[in-house]
Amino acid sequence: MSGAPGVAARGPLRVRAVGLRRRAGAWTFALRAWLSAATARPRAALAPLTDPVTAVVSPAAWALLVLLVPALVAGWALGWVELLLVGFALTALLLICLAFVLGAHRATAELDLSRQRVVVGERANGRLVLSNAGARRAPSALVELPVGRTVAGFDVPSLAPGAVHEELFAIPTRRRAILDLGPVRAVRADPFLLLRREHRLTEARLLHVHPRTVLIEGTAAGFLRDLEGLTVRKLADNDVSFHALREYVPGDDRRFVHWKSTARTGTLMVRQFEETRRSHLLVALSTRLDDYADDDELELAVSVAGSLGAQTLREGHTLSALTSVAHLRSDHATVLLDQLSGVDYDPAAPRLSATLRRLGRDVHGASVAVLLTGSLAEPADLRRARRQLAPDVRVIVVRSQVGADLALRPMGDLDLVTLGVLEELPTVMRRLAAP
């Protein structure tokens with residue numbers, strides 16, 4: 001019991017220490033921002049002179065320079081032979097390293113990809129062709145090919161004038177992504193990696209790793225069809241899908257008077273129609289982290305979005321696709337899949353209901369809406385999301401839950417689907433299309 005006051009006293013001290021650290025961090029950030037702004041113009045003016053140097057000299061080499069100059073000055077001024085020897089040794093080391101990076105690059109390169117778009121799990125194959133365009137023999141060199149955050153290195157042998165060297169490579173794609181490929185660069189460096197000189201040989205390319213998709217038989221956008229489009233539960237006075245007869249009211253078009261019924265009943269009767277629409281699918285993909293139990297659920301949801309969207313566009317129907325924070329271009333299946341390659345969690349992503357309230361108002365005339373989310377999405381929010389859409393829009397919620405059994409059940413005025421594997425999506429579509 002005697003130690004309790006001391007333990008309790010550490011609480012306020014810890015809070016105060018945390019506050020001081022945060023305040024110091026804020027001051028440091030503000031100071032760095034001020035220094036960056038104050039030196040922006042001088043740095044921009046000196047960039048043509050300093051960039052070639054800073055791009056070659058490594059931090060370790062700068063550290064050696066910082067040691068070299070004081071060692072020479074102090075050794076000369078104080079007469080310390082040991083310091084002079086250290087200074088001369090560091091100077092000789094840097095001069096030797098400098099010899100490795102001098103000279104012009106005479107190599108040219110050509111980067112050839114068999115495909116710029118692959119499906120996750122496939123290999124992206126390509127070749128790198130290097131040639132010596134100079135009149136003298138080119139020394140051996142290291143050629144680097146950046147692939148996303150990694151770098152592939154190729155040891156190129158010495159090339160005679162006009163000689164060509166070819167390197168084949170394969171890029172494994174374990175995850176959906178948009179990868180920056182290149183630029184290919186020739187690298188010269190010393191054995192100690194103190195100095196490094198790069199020469200760009202090609203421009204950067206993009207490699208799109210598309211999500212897995214499945215083919216869905218029949219249309220993915222419509223479930224009820226007629227001559228012109230989808231029949232919806234909304235009555236109209238002028239369309240092509242006949243529904244019933246009703247009494248004439250002033251203002252009705254006399255072209256739709258049903259004369260046989262009028263003669264039989266003695267009351268002027270007109271035809272009434274069900275409104276029809278062109279097939280228009282709205283796909284809303286949640287990118288909210290809290291809606292998914294793991295990354296596999298997000299991958300499954302993205303694959304469902306790609307499957308439904310690509311099938312809809314291939315069949316010539318209208319598609320509106322959006323994530324939690326933005327609309328996606330939907331003028332072509334390839335363009336849609338390119339964008340889905342880069343979809344990831346968004347820290348500012350709201351709930352689905354807020355997404356449809358903010359972005360759904362820009363979508364007009366949708367006949368079917370498919371909301372894609374993970375297993376942690378709250379049913380109450382799904383109901384709120386349903387209320388953001390017109391009453392005559394058929395709403396389907398597909399919850400990704402990897403490994404779960406396929407389940408389809410109504411939840412109020414929407415259909416709730418639990419999907420465990422992508423291959424079951426065609427089965428879901430057939431069951432939803434069944435009368």
Side-chain angles (χ1 to χ4, degrees), residues 17-18 20-107 109 130 132 134 136-159 180 182-201 204:
V18 171
L20 290 175
R21 284 200 300 269
R22 290 181 176 177
R23 195 174 304 171
W27 289 341
T28 303
F29 180 81
L31 179 61
R32 290 177 60 185
W34 179 81
L35 289 175
S36 177
T39 60
R41 288 188 177 180
R43 286 188 290 107
L46 295 175
L49 299 176
T50 59
D51 285 353
V53 177
T54 57
V56 173
V57 182
S58 68
W62 286 114
L64 291 182
L65 285 173
V66 171
L67 294 175
L68 181 153
V69 175
L72 290 177
V73 173
W76 180 267
L78 302 177
W80 289 3
V81 179
E82 293 82 358
L83 286 180
L84 288 174
L85 291 177
V86 170
F88 290 141
L90 293 179
T91 303
L93 176 62
L94 291 176
L95 290 176
I96 293 173
C97 293
L98 183 63
F100 282 90
V101 299
L102 293 178
H105 290 275
R106 295 183 295 273
L130 299 116
N132 180 10
R136 294 181 297 175
R137 189 175 189 87
S140 58
L142 173 66
V143 174
E144 293 182 345
L145 172 63
V147 181
R149 296 181 179 180
T150 63
V151 177
F154 305 94
D155 291 319
V156 179
S158 176
L159 297 177
D180 292 315
V184 177
R185 58 201 183 205
V187 178
R188 285 187 178 180
D190 61 89
F192 304 100
L193 301 180
L194 295 177
L195 303 180
R196 174 187 172 93
R197 185 181 175 196
E198 299 178 357
H199 179 66
R200 178 179 293 191
L201 302 179

Restricting to pairs with a member in residues 138-149, which pass side chain to side chain donor-acceptor pair (under 3.5 Å), not counting sequence neighbours?
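Listed by first then second residue: E144-R185, E144-R196.
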Please list, chain by chain and in numerical order, all residues satisfying salt bridge (charged side-chain N to carboxylate O under 4.0 Å, His left out) with R200, sequence neighbours excluded.
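With sequence neighbours excluded, R200 shows a salt bridge (charged side-chain N to carboxylate O under 4.0 Å, His left out) to E203, given in chain and number order.
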Are side-chain heavy atoms of L94 and L194 found at a separation under 4.5 Å?
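Yes, side chains in contact.
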Does some side-chain heavy atom of F88 sit less than 4.5 Å from a side-chain heavy atom of L84?
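L84 vs F88: side chains touch.
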Take V143 and V187 through the side-chain contact (heavy atoms from CB on, under 4.5 Å) test and state the conclusion after the steps.
CA-CA 6 Å; V143 174; V187 178; over 6 Å; no
What is the minimum heavy-atom distance between [X] and [Y], and which atoms define it?
{"X": "P146", "Y": "P183", "result": "CD-O, 3.3 Å"}
{"X": "I96", "Y": "F100", "result": "O-CD1, 3.2 Å"}
{"X": "S158", "Y": "A138", "result": "OG-O, 2.8 Å"}
{"X": "L83", "Y": "A74", "result": "CD1-CB, 3.9 Å"}
{"X": "V184", "Y": "A109", "result": "CG1-CB, 4.4 Å"}

Within a 6.0 Å radius of atom CZ on F154, are there more than 12 heavy atoms belonging to other residues, nucleotides or ligands?
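Check passes, neighbour count above 12.
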What distance separates L142 CG from E198 CD, expressed to the nearest 0.5 Å?
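One finds 9.5 Å between CG of L142 and CD of E198.
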So how far is it from L93 CG to L98 CG, rounded to the nearest 0.5 Å?
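Output value for this atom pair is 11.0 Å.
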Side chain to side chain contact (heavy atoms under 4.5 Å, CB included) with L68: which of L72, V66, L64?
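Between L68 and the candidates, side chain to side chain contact (heavy atoms under 4.5 Å, CB included) is satisfied uniquely by L72.
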